[in-house]
Amino acid sequence: FKKIPSAGAAKDEMFQMTETFNRMIDRLEESFAKQQQFVSDASHELNTTLTIVEGYANMLRRWGTKDARIQKESIDNIYDESKRMRKMTEQLLELASSGKGLKLETVPMDLVDCCEQVLSLVTKLHENRDIDLSTSGHRPILIADPMKIKQLLLILLDNALKYSEDRIELSVRTEKNIVEIHVKDKGIGIPKDQTALVFERFYRVDQARQRKTGGTGLGLPIAKSIVLEHHGTIQIVSGEGDGTEVIIKLPKASTD
Ligand code: ADP
């Protein structure tokens, strides 16, 4: 005889299905809430920028013809804020397209070569700054999208340049199957309890000061999405006044 566990089994199955369904709903709600938060943060950021531009344009219209100092201040601020807004909209588009499974253009690439190319560009733009490149072991090969890795290095070097005044160290190390990229500066640092928060969109340690540097709070979220797309990890070691070290770990190509 077959036992008739069906009532109990069906109940169990039903219970499991309900649980799975509820978990799916929770996840959907969570992702919807995140999406809403993102739209609201982006609108707030763009709105603040427009309010500043509008304020200075108004000042220029009312007093700009009579007062040369007001004229200069207004024009400078309108220019800086517009530039920042352009960068922000470009970065928003970048973030919108990342994580959507758009295919990376991956090829075997020499990471040190890529670092040298980026450094030559950055040092042309910042002639008065020193950036040291050091490598340990032989030149590691990554299977990666060179444009994305260049963009990643540019974001990290740009931050190191913005938030420090001294020499910056860029190093490439190879540990077994992992390639590490370290970008280290001796600048203002990030308070320890905020080192994870800076990867969130629009997060800035000091809103007012960072606005002056042309910061948008979108650089590190983009850096993180590039690293994740390449199956790597990104971590920040820092403290207020202690300088900042960003450590990226990426899988090395097995052909190396
Ligand atoms: P931003 O465009 O504002 O620099 P990011 O997303 O790149 O945006 O960085 C977020 C925030 O993290 C910055 O506003 C700054 O407060 C902090 N930060 C990032 N890199 C550094 C660094 N090297 N030194 C000190 N603070 C940093």
Side-chain angles (χ1 to χ4, degrees), residues 34 37-38 41-49 52 77 79-99 115 118-119 121-123 125-126 128-133 148-171 180-229 232-248:
K34 268 192 193 153
Q37 185 64 42
F38 177 54
D41 289 348
S43 314
H44 176 76
E45 282 294 328
L46 295 172
N47 202 23
T48 310
T49 311
I52 295 174
N77 277 292
Y79 179 72
D80 289 348
E81 285 294 321
S82 312
K83 230 168 84 174
R84 213 176 67 83
M85 187 146 109
R86 190 171 56 76
K87 182 174 168 191
M88 197 190 295
T89 46
E90 277 167 11
Q91 288 178 319
L92 282 170
L93 284 174
E94 166 89 32
L95 273 173
S97 65
S98 70
C115 288
V118 171
L119 277 192
L121 176 74
V122 172
T123 45
L125 294 171
H126 301 269
N128 55 340
R129 299 294 302 265
D130 288 318
I131 308 175
D132 294 330
L133 171 64
K148 295 263 181 182
I149 300 296
K150 274 185 192 161
Q151 188 186 5
L152 169 67
L153 291 168
L154 280 171
I155 291 172
L156 302 182
L157 289 172
D158 183 49
N159 277 348
L161 288 162
K162 274 194 302 203
Y163 304 116
S164 76
E165 284 167 2
D166 288 333
R167 190 173 279 275
I168 293 161
E169 289 167 33
L170 168 64
S171 56
E180 291 188 13
I181 305 171
H182 293 239
V183 180
K184 192 172 177 189
D185 68 60
K186 298 184 189 123
I188 59 173
I190 300 170
K192 272 199 173 52
D193 58 345
Q194 294 180 48
T195 51
L197 296 174
V198 289
F199 291 107
E200 285 178 14
R201 290 162 183 189
F202 300 115
Y203 192 89
R204 272 164 274 166
V205 174
D206 177 342
Q207 298 281 343
R209 189 170 47 179
Q210 260 74 282
R211 179 164 224 106
K212 292 204 186 81
T213 64
T216 59
L218 292 172
L220 286 176
I222 292 180
K224 185 176 174 182
S225 84
I226 295 175
V227 172
L228 293 182
E229 280 176 322
T233 60
I234 181 164
Q235 180 203 357
I236 288 187
V237 180
S238 188
E240 203 163 1
D242 292 345
T244 300
E245 182 167 18
V246 185
I247 305 164
I248 290 161

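If you're wondering where the values come from, they're calculated on a predicted model, not measured in any experiment. Every number for a ligand or one of its atoms is a count from 1 in the order of the listing.
- Residues Arg84 and Thr213 have side chains that never bring a donor and an acceptor to within less than 3.5 angstrom of each other.
- Contacts of Asp158 with ligand 1, taken as heavy-atom pairs under 4.0 Å, are absent altogether.
- Side-chain polar atoms of Gln37 and Asp41 form a donor-acceptor pair below 3.5 angstrom.
- Look at Ser238 and you'll find every heavy atom at least 4.0 Å from all atoms of ligand 1.
- Below 4.0 Å from some heavy atom of Pro221 lie the following atoms of ligand 1, by number and element: 6 (O).
- For ligand 1, the atoms sitting less than 4.0 Å from at least one non-hydrogen atom of Gly215 are 1 (P), 2 (O), 3 (O), numbered in the order shown with element in parentheses.
- Between Glu245 and His182, the side chains place a donor N or O and an acceptor N or O closer than 3.5 Å (distance only, hydrogens not considered).
- A side chain to side chain contact (heavy atoms under 4.5 Å, CB included) with Ser238 is found for exactly one of Val246, Val198, Asp185, Thr195, namely Thr195.
- The residue among Gly187, Gly243, Gly217, Ala160 with a heavy atom at the shortest distance from atom 8 (O) of ligand 1 is Gly217.
- Contacts between Leu220 and ligand 1 below 4.0 angstrom, taking non-hydrogen atoms only, involve backbone and side chain alike.
- Among Arg204, Glu240, Met88, the residue whose heavy atom lies nearest to atom 14 (O) of ligand 1 is Arg204.
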Residue pair Glu240, Ile188: steps toward the side chain to side chain contact (heavy atoms under 4.5 Å, CB included) verdict:
CA-CA 6 Å; Glu240 203 163 1; Ile188 59 173; over 6 Å; no
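- With a 4.5 Å cut-off on side-chain heavy atoms, Leu170 and Asp132 do not count as touching.
- Residue contacts with ligand 1 for Val205 involve both N, CA, C or O and side-chain atoms from C-beta outward (heavy atoms, distance under 4.0 Å).
- Atom numbering of ligand 1 starts at 1 in the shown order; those under 4.0 Å from a heavy atom of Leu218 are 6 (O), 8 (O).
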